[in-house]
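Have a look at the structure below before the remarks.
Labels below follow one simple rule: chain letters A, B, ... track the order of the sequence lines, proteins then strands, and each chain is numbered from 1. Every value quoted in this text rests on a predicted model; they were computed, and no experiment measured them. Heavy atoms only: backbone and side chains are in, while hydrogens, waters and symmetry mates are out.
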There are 2 protein chains.
Amino acid sequence: MKTSIIKKMREKGLKLTPQRLAIIEVLVDKTHLHPGASLIYREAMKKVGSLSLSTVYSTLNEFSRHGIIKMLEFDKMENRYEGNIMEHINLVCKGCNKIMDYKVPVSIDLKEVAKKARFWVTDTRLEYHGYCQECKGK
Amino acid sequence: MKTSIIKKMREKGLKLTPQRLAIIEVLVDKTHLHPGASLIYREAMKKVGSLSLSTVYSTLNEFSRHGIIKMLEFDKMENRYEGNIMEHINLVCKGCNKIMDYKVPVSIDLKEVAKKARFWVTDTRLEYHGYCQECKGK
DNA sequence: TTTGTAATTAAGAATCATTCCAGTTTACAA
DNA sequence: TTGTAAACTGGAATGATTCTTAATTACAAA
Ligand SMILES: [Mn+2]
Ligand SMILES: [Mn+2]
Ligand SMILES: [Zn+2]
Ligand SMILES: [Zn+2]
């Protein structure tokens, strides 16, 4: 996954800096956690001496704008990021803010959306909110 | 829709105030716009003399907490609200921030999610982001 | 109808994730 | 090696949302 991200960066003409490399590594290592900017900042900081939070934010924005990673936007909670850009449902626990992947059994044809609703889809956001096993029993 | 919202409020033991009535009316009238708090505030203000933005926020939070309305959370954009709580996909235009409804052709069985992923879904958030007819041609 | 009180509202201050800014450094193509 | 656009930095600014505290009010019970 790390290699494919770097490859995509090259394709898009994005420069590879030590800061970006560290951010990518955290994103890959912790992708199952769907980490937020502050965790990514803390972890990447351990890898590269010099890094500012502004850089983390602008890098994550840049990457998600290019479709290299996916930004999951929230209101009550820090935004979260993931390297897995395959279409899937994110299960978001309201108790502990954990986010888990759920394989989509069916997929809607985006061409049909364009035809029927006159809307051209660039990315999808599928979330189920609720409670995980641990949080279910209060 | 207005009647059913008020009925649900009664069921939940929520009091019906002039402020809440105005907010509900705006929510019903403008539901297709998926209005944000500031629009709801402006429009509801026209109906009742006295209304504060704090009240709008706390009311919308209260209602969505009770599942009476649905809050659509964004990061770059004001949160939006809708009275239509039936499961459907929201088409969010990245050009003009318009939000349109799209009827879901298929629905995933939530019991299967509980069984397979050990996750209990309370609400769903299905969005397609992209461009509407007007914004497509830049 | 009147009363008691828990719920609701108001106004402004506080929060905090995120963006902006302006100056400095750096990756990498030539 | 050099030139330059891109990236980085740290601090200030932003802005939607929440918090706080005191005043007001809906409505159940008397
Ligand atoms: Mn995921
Ligand atoms: Mn909708
Ligand atoms: Zn949980
Ligand atoms: Zn549009």
Side-chain angles (χ1 to χ4, degrees), chain A residues 5-24 26-27 34-42 44-45 47-66 68-81 92 94 97 99, chain B residues 5-26 34-42 44-45 47-66 68-81 97 99:
Chain A
I5 289 178
I6 291 173
K7 192 175 143 217
K8 278 179 199 155
M9 282 181 64
R10 289 252 143 75
E11 288 166 9
K12 308 276 182 177
L14 298 171
K15 291 182 177 171
L16 188 60
T17 66
Q19 288 83 359
R20 287 182 171 183
L21 194 60
I23 290 170
I24 290 167
V26 175
L27 220 35
H34 300 77
S38 59
L39 176 66
I40 294 171
Y41 173 64
R42 271 197 310 281
M45 191 53 138
K47 293 174 183 271
V48 54
S50 158
L51 177 65
S52 85
L53 189 54
S54 301
T55 299
V56 173
Y57 274 110
S58 71
T59 300
L60 294 172
N61 276 337
E62 193 74 353
F63 285 5
S64 64
R65 255 192 344 100
H66 281 94
I68 294 173
I69 65 172
K70 197 157 186 175
M71 184 183 350
L72 309 176
E73 304 189 351
F74 298 99
D75 165 49
K76 308 283 188 315
M77 173 168 59
E78 226 187 347
N79 289 351
R80 310 278 281 270
Y81 302 84
V92 184
K94 294 199 271 188
N97 293 345
I99 299 179
Chain B
I5 289 178
I6 292 173
K7 191 175 143 214
K8 278 179 199 153
M9 282 180 65
R10 289 254 143 77
E11 285 167 11
K12 306 278 183 177
L14 297 171
K15 289 183 180 170
L16 186 60
T17 66
Q19 288 84 358
R20 287 182 172 181
L21 193 60
I23 291 171
I24 291 168
E25 283 173 356
V26 174
H34 298 78
S38 59
L39 176 66
I40 294 170
Y41 172 63
R42 271 197 310 280
M45 191 52 137
K47 294 173 183 271
V48 278
S50 157
L51 178 65
S52 87
L53 189 55
S54 301
T55 299
V56 173
Y57 274 111
S58 71
T59 301
L60 293 170
N61 276 338
E62 193 74 351
F63 284 4
S64 66
R65 254 188 350 95
H66 281 94
I68 294 173
I69 66 172
K70 198 158 184 174
M71 184 183 349
L72 309 175
E73 304 190 351
F74 298 100
D75 167 47
K76 308 283 190 312
M77 174 169 55
E78 223 189 350
N79 290 351
R80 309 279 280 269
Y81 302 84
N97 293 345
I99 300 179

Exercise. DNA chain D: Thr59(A) or Ser58(B), which has the more 5' nearest nucleotide?
Worked result: Thr59(A)
For this session: Using a cut-off of strictly less than 4.0 Å, decide whether Gln19(A) has a side-chain nitrogen or oxygen near OP1 or OP2 of dT26(C).
Result: no
Can you check nucleotides 13-17 of chain C for protein contacts, nitrogen or oxygen pairs under 3.5 Å, and list what you find?
none

Problem set entry | Axis-to-axis angle between the two ends of the helix from dT1(C)-dA30(D) to dA30(C)-dT1(D) (five base pairs per end, rounded to 10 degrees) | 40°
For this session: Would you tell me whether Thr55(B) and Ser52(B) have side-chain atoms, one donor and one acceptor, within less than 3.5 Å of each other?
Result: yes
Problem set entry | Length of the OH-C1' vector between Tyr41(A) and dT9(D), whole Å | 10 Å
For this session: Give a yes or no answer on whether the side chain of Arg80(B) reaches the backbone of His34(B) with a donor-acceptor pair at less than 3.5 Å.
Result: yes
Problem set entry | Donor on one side chain, acceptor on other, Glu78(B) and Ser38(B), under 3.5 Å | yes
Exercise. Please give, in whole Å, the distance from dT25(D) P to Leu51(B) CG?
Worked result: 14 Å
For this session: Evaluate the criterion side chain to side chain contact (heavy atoms under 4.5 Å, CB included) for residue pair Lys76(B) and Met71(A); output intermediate values, then yes/no.
Result: CA-CA 12 Å; Lys76(B) 308 283 190 312; Met71(A) 184 183 350; 3.6 Å; yes
Problem set entry | Upstream residue (5' side of DNA chain D) when Lys76(A) and Thr17(A) are each assigned their closest nucleotide | Thr17(A)
Exercise. Do the side-chain N or O atoms of Ser52(B) get closer than 4.0 angstrom to the phosphate oxygens (OP1, OP2) of dA10(C)?
Worked result: yes
Exercise. OP1 or OP2 of dC8(D) sitting under 4.0 Å from any side-chain N/O of Arg20(A)?
Worked result: yes
Exercise. Is there a side-chain polar atom (N or O) of Asn61(B) under 4.0 Å from OP1 or OP2 of dT18(D)?
Worked result: yes
Exercise. Can you find a heavy atom in the side chain of Glu73(A) that is under 4.5 Å from one in the side chain of Glu73(B)?
Worked result: no
For this session: Decide yes or no on side chain to side chain contact (heavy atoms under 4.5 Å, CB included) for Lys8(A) and Glu11(A), but give the supporting numbers first.
Result: CA-CA 5 Å; Lys8(A) 278 179 199 155; Glu11(A) 288 166 9; 4.2 Å; yes
Exercise. Whole Å only: how far is the CZ atom of Arg80(B) from the P atom of dT17(D)?
Worked result: 11 Å
Exercise. Looking at Leu53(A), Ile23(A), Thr59(A), Leu51(A), which hits side chain to side chain contact (heavy atoms under 4.5 Å, CB included) with Ile40(A)?
Worked result: Ile23(A)
